[in-house]
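Report on the following structure.
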Amino acid sequence: PITVLIRALGVGTNDEIRELFGDEPKIEASFSKDTAENYQEGLLELYKKIRPGEPLSVESAESLIEAMFFGTTWKEISDAVSDEIIRITAEIAKEEGAHNVNVRKIISRLGVTNRVFYNRFHNADEVLRIVYQNAVIRMRDSFHSDYCSSADFFEYAMDIAVKVLVNTYDVKMNFCYYMFEHDSLTEHNRIWWMAQMKEALDRAKKENIIKNLDTEMLSYSLWCFCRGYNADAVTRHLSKEEAVKYFKFAFRCFLDGIRK
């Protein structure tokens with residue numbers, strides 16, 4: 001079915017294909033024969049036809065399709081239009097939530113054709129990943145790994161935790177569904193943050209500021225506390241001011257518990 005090829009080229013879902021082609025009878029007929037439902041399934045179906053008998057993997061299929069249809073130039077298109085697509089995607093996500101972002105809304109607001117978008121990105125989800133990864137970078141920029149003296153370690157810890165919450169609360173509010181649907185992004189972020197927290201806690205432990213605790217377990221507990229708190233505050237739509245007030249109270253109790 002022609003829709004398998006269309007999916008493999010980056011227009012993954014039925015809705016996205018209809019956005020591109022409208023209510024085309026041939027497309028509708030193809031849907032009835034097409035067992036794939038998204039970009040990855042379309043890739044694998046096409047790969048089976050081109051390379052029958054070979055082991056299936058999304059990575060191999062993507063490499064083959066990009067070499068066949070895009071050559072080496074597809075990934076080279078990164079320009080002001082790409083930046084504008086990313087900006088507008090973030091804008092729509094902020095206004096309507098990431099789960100309501102689609103290609104039609106992006107190109108409508110930008111005033112360009114589908115071709116302009118698909119020359120740069122596979123689908124809306126790829127742009128949302130960039131927007132979310134930019135938010136993750138801003139979270140990490142809130143972290144600084146040194147403090148002036150042992151006396152202010154706990155204020156330093158509180159300052160970082162509150163800065164991360166404040167600087168990213170709006171993004172988390174708009175991306176709450178997206179974040180929990182993309183565990184691979186969350187897992188990468190967890191590993192990064194746990195390493196930073198463990199380094200700071202190891203130093204505080206060495207300087208006899210905190211109790212003699214397992215800093216690996218403590219780092220994971222901190223990650224779970226912060227993520228769980230943020231998830232609850234976001235899903236209950238607390239204001240940023242309320243979220244900070246309750247967070248500071250709870251986090252202060254946590255810090256008092258490890259204070260030596």
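The structure displayed is predicted, hence computed values, not measured ones. The chain is numbered in sequence order, starting from 1.
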side-chain hydrogen bond (donor to acceptor under 3.5 Å, both in side chains) between T13 and N38, intermediate numbers included: CA-CA 5 Å; T13 67; N38 53 49; over 6 Å; no
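- Annotation: salt bridge (charged side-chain N to carboxylate O under 4.0 Å, His left out) contacts involving residues 243-253, sequence neighbours excluded, comprise E155-R252.
- Atom CD of E41 sits in a crowded spot, with more than 12 heavy atoms from other residues, nucleotides or ligands closer than 6.0 Å.
- Counting only distance, with no hydrogens or angles, the side chain of E242 and the backbone of S239 share a donor-acceptor pair below 3.5 Å.
- The two residues V4 and G42 come nearest to each other via the heavy atoms CG1-O, 3.6 Å.
- Scanning all heavy atoms of the two residues, the minimum distance from K211 to K260 falls at N-CB, 4.1 Å.
- The side chain to side chain donor-acceptor pair (under 3.5 Å) test applied to E45 returns K48, not counting sequence neighbours.
- Side-chain contact between I86 and F121 is present, with at least one heavy-atom pair separated by less than 4.5 Å.
- The closest donor-acceptor contact from the side chain of Y229 to the backbone of A250 lies at 3.5 Å or more, if one exists at all.
- Side-chain contact between V81 and R120: present, with at least one pair of heavy atoms (C-beta onward) separated by less than 4.5 Å.
- The side chain to side chain contact (heavy atoms under 4.5 Å, CB included) test with V131 is passed by exactly one of V101, I92, T89: T89.
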Go through F247 and C226 one step at a time and tell me if the side chain to side chain contact (heavy atoms under 4.5 Å, CB included) criterion holds. CA-CA 9 Å; F247 178 81; C226 293; 4.3 Å; yes
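- Residue L218 holds its CG atom at 10.5 Å from CD of E216, rounded to the nearest 0.5 Å.
- Separating the NZ atom in K198 from the CE atom in M217 is a distance of 12.5 Å, to the nearest 0.5 Å.
- Contact check on E126 versus R129 returns no salt bridge, with no Lys/Arg side-chain nitrogen under 4.0 Å from an Asp/Glu carboxylate oxygen.
- For the pair F225/F251, a side-chain contact is recorded, criterion being any heavy-atom separation below 4.5 Å from C-beta on.
- L222 is listed as a side-chain neighbour of F254, based on a closest heavy-atom distance under 4.5 Å.
- Contact check on E207 versus R203 returns a salt bridge, with a Lys/Arg side-chain nitrogen under 4.0 Å from an Asp/Glu carboxylate oxygen.
- We find the CG-CD1 distance between D34 and I2 to be 10.5 Å, quoted to the nearest 0.5 Å.
- K105 and E19 are not joined by a salt bridge, as no carboxylate oxygen comes within less than 4.0 angstrom of a charged side-chain nitrogen.
- We find that K205 and D202 are not joined by a salt bridge, their nearest charged nitrogen and carboxylate oxygen being 4.0 Å or further apart.
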Evaluate salt bridge (Lys or Arg N to Asp or Glu O under 4.0 Å) for R104 paired with E16, printing each intermediate quantity in order. CA-CA 8 Å; R104 178 178 54 78; E16 288 176 334; over 6 Å; no
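- When atom types are taken as modelled, the side chain of N100 and the backbone of E96 share a donor-acceptor pair closer than 3.5 angstrom.
- Counting heavy atoms from C-beta on, the side chains of R18 and E28 come closer than 4.5 Å.
- Between F117 and V127, the closest side-chain pair of non-hydrogen atoms falls below 4.5 Å.
- Once rounded to the nearest 0.5 Å, the distance linking CD of Q196 with CG of L201 reads 11.5 Å.
- You'll find the side chain of I210 reaches within 4.5 Å of the side chain of F154, heavy atoms only.
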Using the side chain to side chain contact (heavy atoms under 4.5 Å, CB included) rule, take V162 and V244 through it: C-alpha gap first, then chi angles, then the decisive distance, then the call. CA-CA 7 Å; V162 172; V244 169; 4.1 Å; yes
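- Residue I17 comes nearest to I6 through the heavy atom pair CG1-CG2, 3.8 Å, listed as atom of the first residue, atom of the second, then distance.
- Put simply, the side chain of Y220 reaches to within 4.5 Å of the side chain of R190, judged on heavy atoms.
- Expressed to the nearest 0.5 Å, how far OG of S82 lies from CD1 of I130 amounts to 8.0 Å.
- Looking only at distances, a side-chain donor or acceptor of S219 sits under 3.5 Å from a matching main-chain atom of T215.
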